[in-house]
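For reference, the structure is listed below as structure tokens.
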Amino acid sequence: MRILLCNDDGITAAGLLALYRSVRDLGEVTVVAPAGPKSASSHAVTVGIPITCRKMHVHEEFWGYAVAGSPADCVKLALAELMPDRPDLVLSGINHGANAGVDILYSGTVAAAAEGAMFGVASAAVSLEIAQEADFDRAGRIARKVIDSLLAAGLPPASLTNVNIPALRPGTPKGVRLARQSTLAYEDTFEKTGSGGETMYVLTGGRMDIGKDGETDLHALRAGYVSVTPLHFDLTDQAALARLAGVPWAAEF
Ligand code: MN
């Protein structure tokens, strides 16, 4: 099996090393990742500017391509240029911090996997909820078990799976929960500083109370379970499509 490994925390991140170690025996692993941290870069792509790509030896353990671009850039470049043979699987992570709920939309980790899925490759993003100490070695072993289950179930081409590992404590994870994505927004506040003609704002705030409907990815994590959420990048609102079908649109302009 050929695996493309990417992330958004940068090629030297501990989470990427952990995921590399946990899947390297599955086949041939090609690492193409941002040269530096690109968290919350979402699905950005670099256009009209050359992207530097440097082959580097990472942690004296593997060779990878460090790309001065976004996570989506990395996957594009890997599929179009760096990997003569198409990967069977794109893996992104392990991200330092959960990518559940609306964070999925901000996440560069998920975007890298989504990019793989857009090009027809089965893809999965793996993230670890922040705890006092991030035990990526253990997270890697957990990720591998989940990936094995997904592979055994059969990951169709172009499928996109979002995996979140809960904060690791004794007794967690308690298991795996299939969960839908929470759509709960953040309660945004800004810290305001500055003087004169310039004001600076720093995004603060936090998440709203996630409520009691225990079905979402956020609830699974809070309960100490690994959340598995199949996603699609087709953002069509099917219900609205049906609702708007009856609109008497103007026929002439
Ligand atoms: Mn990140």
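None of the values given here were measured: they were computed from a predicted structure. We count ligands from 1, going down the list as the structure has it; atoms in each ligand are counted the same way. Heavy-atom basis, side chains included; hydrogens, waters and symmetry copies ignored.
The distance from the Mn ion (ligand 1) to the nearest N/O/S atom of Asn99 is not under 2.8 Å. In summary, no N, O or S atom of Thr109 is located under 2.8 Å from the Mn ion (ligand 1).
A donor-acceptor pair shorter than 3.5 Å can be found between the side chains of Asp8 and Thr109. Remark: the Asp217 side chain and the Ser227 side chain contain no N/O donor-acceptor pair separated by less than 3.5 Å.
A salt bridge links Arg21 and Glu61; the closest N-O separation between the charged side-chain nitrogens and carboxylate oxygens is under 4.0 Å.
Taking the N/O/S atoms of Asp9 in turn, the shortest distance to the Mn ion (ligand 1) belongs to OD1.
Using bins of under 30°, 30° to 60° and over 60° for the plane-to-plane angle, the ring pair Tyr106/Tyr186 lands in the tilted bin.
Seen from the Mn ion (ligand 1), atom OD1 of Asp8 and atom OD1 of Asn95 lie 90° apart in angle, a value rounded to 10°.
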